[in-house]
Amino acid sequence: MMLVLVLVRAAVLLVGLAVSCSSDFAPPTIDVNLGDEPQVRWMPILKVFESDFLKKAAQEVIDSTIPKWLHKVLRPLIKVSEVLLLPEPYGEELRGMAAHFGTSLSDTIMLNFAYEASAFCTSIVAQDKHGNVYHGRNLDYPHSVLRNLTVNVIFRKAGKTLEKAEDFQDAVLRLSKIPIITGVYYIVGGARAGEGVVITRDRGGPADIWPLDPLSGGWYRVETNFDHWLPSPAKDHRREAAEKAMNATGQEHINMYALYQVLSIFPVCNGITVYTTIMSGATPEKYTTLVRPPDCRASSG
Ligand SMILES: *[C@@H]1O[C@H](CO)[C@@H](O)[C@H](O)[C@H]1NC(C)=O
Ligand SMILES: *[C@@H]1O[C@H](CO)[C@@H](O)[C@H](O)[C@H]1NC(C)=O
């Protein structure tokens, strides 16, 4: 399953947190206007990255994810099937990117699958003693080229951020019900006390809804890449490490900075962690994303 997270009342400003890792850096921010035609709405990317760099990066991810022989076999197949299979507006968006970034359409499509096949994440939603809700996540991805390709994207429609949801309840309802193309975990953090939930999705609807429950000790929820009611695989200790660190921090000491520290502990932060995001729906101006150095373990002390 893929992991996605959603912040209700999306973030607009970037404010740097004081952090111990000196080589962490804040990625650039672009505006994507959903009122623009799908073909051109991703053009703002070219304001922050050279197209040569994008082409090289795309090649690197494909080379390291897809064996050469398979790439050769897939290319013509994808060319034929994309016309039939890509739902709009994603088809138009990918066609636009391929045309403007100078990559072939079949490679652009393959890149999207490569991402889904190899992305790992750790996400935490937590509430402090005063009812403030914090939300943090790491993106783990085994291609270091992504470090320099990370951008903050602000989606706007008619000048407003976040397309449809009225409030937390509405967002949870929409995310639970809309049909999607793959199973997914949604981690949603709201602006008010109690507004935090992990939604485990099947394609057709919700498989499980796991809200914060601070009155019964559930003041945080950790979601990695596995259904939370099942044990995580023997080789993956991110969930246990994150829970241990949250327990050690305690509800009385949780805040944005403490959450960043939890997401910096090995193996929650590890050799393939690309970035850490910390946010809180009530204070969108404090949204922070920092790109992690290639060896998070060495610098997280
Ligand atoms: C990525 O960005 C960092 C920090 O700006 C820079 O030091 C590094 O050389 C860049 N790496 C590549 C492959 O562009
Ligand atoms: C964290 O604390 C909760 C509640 O006391 C406990 O059930 C859980 O086992 C602890 N987790 C870890 C990894 O220590």
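Indexing begins at 1, ligand by ligand and atom by atom, following the structure's order. Note that these values count all heavy atoms, side chains included, but never hydrogens, waters or copies made by symmetry.
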Is [X] reaching over with its side chain to a backbone N or O of [Y], donor-acceptor style, under 3.5 angstrom?
X    : Y    : answer
E195 : A191 : yes
N138 : D140 : no
Q251 : Q127 : yes

query: If you round to the nearest 0.5 Å, how far is NE2 of H130 from CD1 of I254?
result: 12.5 Å
message: Would you say Y220 and N247 are linked by a side-chain donor-acceptor pair, where the criterion is simply a distance under 3.5 Å?
response: yes
task: Could you walk me through whether Y287 and T289 pass the side-chain hydrogen bond (donor to acceptor under 3.5 Å, both in side chains) test, one step at a time?
output: CA-CA 7 Å; Y287 168 96; T289 289; 2.8 Å; yes
Distances under 3.5 Å, N/O of ligand 2 against N/O of the protein: list each pair and its distance.
| residue | atom | partner | partner atom | Å |
| --- | --- | --- | --- | --- |
| ligand 2 | 2 (O) | N247 | OD1 | 3.1 |
| ligand 2 | 2 (O) | N247 | ND2 | 2.3 |
| ligand 2 | 11 (N) | N247 | ND2 | 3.0 |
| ligand 2 | 14 (O) | N247 | ND2 | 3.3 |

